Q: 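Please see the structure below; I have some questions.
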Amino acid sequence: MPELPEVETIVRQLDRLLSGRILRGLQVRDPKLAHLEPLAGSLAGTRLGRIRRSGKRVILPLEDGEAVRGWLAVHLRMTGRLLLVEEGEPEPAPARLCLELDRGRLLFADTRRFGTVDWLTGPAELAPPGLDPFDPACTPAALAELARAARAPLKSWLLDQTRICGLGNIYVCEILHASRLSPWRAAGNLELAQWRLLHREMRRILRLAIKNCGTTFSDFQDSRGLEGSFGRMLQVYGRAGAACPRCGAIVQRETQAQRGSWWCPGCQE
DNA sequence: ACGCAGACCTGTACGC
DNA sequence: TGCGTACAGGTCTGCG
């Protein structure tokens with residue numbers, strides 16, 4: 001479910017509310033997460049450090065005095081949610097994992113159970129798989145260089161997390177529309193000026209989405225169960241048959257690399 | 001280097 | 001109302 005803006009929304013909220021709190025215990029409630037079972041005893045009493053994002057993962061550092069014991073890396077995939085439950089409140093959804101805190105608890109709920117939680121012990125594992133869109137090293141020239149000679153369609157190219165990380169189907173569709181580029185166009189064929197435009201629109205759209213706490217398409221909610229409002233600003237995603245807000249042509253949907261692609265044939269080429 | 005199918009899971013929306 | 005089907009924001013593996 002969540003892409004960069006949704007993960008960023010969750011991370012900012014969790015960092016504000018949880019950083020510095022003490023972990024009292026960890027309950028593994030889904031056998032698919034049994035690999036975390038051995039941690040349950042040893043992590044009790046550790047303190048949550050500054051919570052951050054790596055690609056689409058939520059990183060929860062667990063500290064012991066000055067030393068970092070390790071990091072819990074949560075990937076929410078399609079339906080994962082991290083829900084903060086106050087002392088005495090009922091749990092709003094069945095949880096796969098429960099972090100008991102000094103007061104209240106943090107639940108990992110995930111209907112489709114695609115999400116993953118890993119225990120990382122080395123900084124190398126923390127690095128995102130590709131270039132983060134807000135990394136200063138992510139420049140139009142760097143993107144052009146990465147895509148040199150790539151024959152893959154832009155849509156698939158941008159979705160590959162080992163190049164740019166954090167984009168998913170919704171934002172790629174929106175970014176391509178804003179950049180007037182067709183999802184079918186080969187990534188290696190762009191002029192530098194088009195990479196500049198794409199780069200600018202990518203950052204603009206992601207910033208705007210973060211400001212609006214992400215997109216709630218079907219089931220994204222933040223850690224207190226609230227919904228993001230960027231969904232109202234979508235120009236093409238999920239809008240097949242509607243008029244393009246920019247040129248009035250009819251938005252098309254077509255399957256591309258097994259995923260839906262929405263775009264406007266009137267103004268994207 | 002790429003596209004594609006299938007896998008992992010469950011819920012929802014829609015047509016009949 | 002009930003049933004079957006298609007589809008879903010992500011990513012991995014294996015095949016051609």
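Chain naming here is simple, since letters A, B, ... match the order of the sequence lines and numbering starts at 1 in each. Because the structure is a prediction, the values reported are computed rather than measured.
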Q: Of the listed nucleotides (C:dA8, B:dG3, C:dT11), which one gets closest to any side-chain atom of A:S156?
A: B:dG3

Q: Suppose we define a pair by two distances each less than 3.5 Å, Watson-Crick or G-U wobble; what does B:dG6 pair with here?
A: C:dC12

Q: Are any of A:R96's side-chain N or O atoms less than 4.0 Å away from OP1 or OP2 of B:dT10?
A: no

Q: Only pairs with both distances under 3.5 Å count, Watson-Crick or wobble alike; so what is the partner of C:dT1 in this structure?
A: none

Q: What are the two closest heavy atoms between A:V236 and A:V251, and how far apart are they?
A: O-CG1, 3.8 Å

Q: Take atom C1' in B:dA7 and the same atom in C:dG4, then report the distance between them in whole Å.
A: 22 Å

Q: Rounded off to whole Å, could you give me the CZ-to-P distance for the A:R239 and C:dA8 pair?
A: 17 Å

Q: Taking the six-membered ring for Trp and the full ring for Phe, Tyr or His, determine whether the centres of A:F230 and A:Y237 are under 6.0 Å apart.
A: no

Q: Check every strand shown and say whether A:A150 touches a base, only sugar-phosphate, or nothing at a heavy-atom separation below 4.0 Å.
A: sugar-phosphate

Q: Rounded to the Å, how far apart are A:N169 CG and C:dT11 C1'?
A: 13 Å

Q: Taking all non-hydrogen atoms of both residues into account, name the closest pair between A:E3 and A:G168 and its distance.
A: OE1-N, 2.7 Å

Q: With rounding to the nearest 0.5 angstrom, report the CZ to CG distance, A:R21 to A:L106.
A: 9.5 Å

Q: What's the closest nucleotide to the A:R113 side chain, out of C:dT11, B:dT10, B:dC2?
A: B:dT10

Q: If you measure from the P atom in B:dC9 to the same atom in C:dC3, how many Å do you get, rounded?
A: 25 Å

Q: Is there ring stacking between A:F114 and B:dC8, where the centres must be under 5.5 angstrom apart and the planes under 30 degrees?
A: yes

Q: Can you tell me the distance, in whole Å, between the CZ atom of A:R57 and the C1' atom of C:dT11?
A: 13 Å

Q: Would you mind reading off the distance between A:Q256 atom CD and C:dA8 atom P, rounded to a whole angstrom?
A: 13 Å

Q: Considering only C:dT11, B:dG3, B:dC8, which nucleotide approaches the side chain of A:K32 most closely?
A: B:dC8

Q: Send over the distance from A:Q258 CD to C:dT13 C1', rounded to a whole Å.
A: 13 Å

Q: Supply the atom-to-atom distance A:L190 CG to A:R185 CZ, rounded to the nearest 0.5 angstrom.
A: 5.0 Å

Q: Indicate, with a heavy-atom threshold strictly under 4.0 Å, whether A:P153 touches base, sugar-phosphate, or nothing.
A: sugar-phosphate

Q: Look at the side-chain N and O atoms of A:R112 and state whether any lies under 4.0 Å from the OP1 or OP2 oxygen of C:dC7.
A: no

Q: Without swapping roles, check the side chain of A:K155 against the backbone of A:G260 for a donor-acceptor pair under 3.5 Å.
A: yes

Q: Calculate the interatomic distance between A:L76 atom CG and B:dC9 atom C1'; express it in whole Å.
A: 16 Å

Q: In this structure, how many angstroms lie between the C1' atom of B:dA1 and the CG atom of A:L154, rounded?
A: 16 Å

Q: Between A:T111 and B:dC9, does any side-chain N or O lie under 4.0 Å from OP1 or OP2?
A: no

Q: Rounded to the nearest Å, what distance is computed from the CD atom of residue A:Q161 to the C1' atom of nucleotide C:dC12?
A: 13 Å

Q: For the side chain of A:R163, counting heavy atoms from C-beta on, which of B:dG3, B:dC2, C:dT11 is nearest?
A: B:dC2

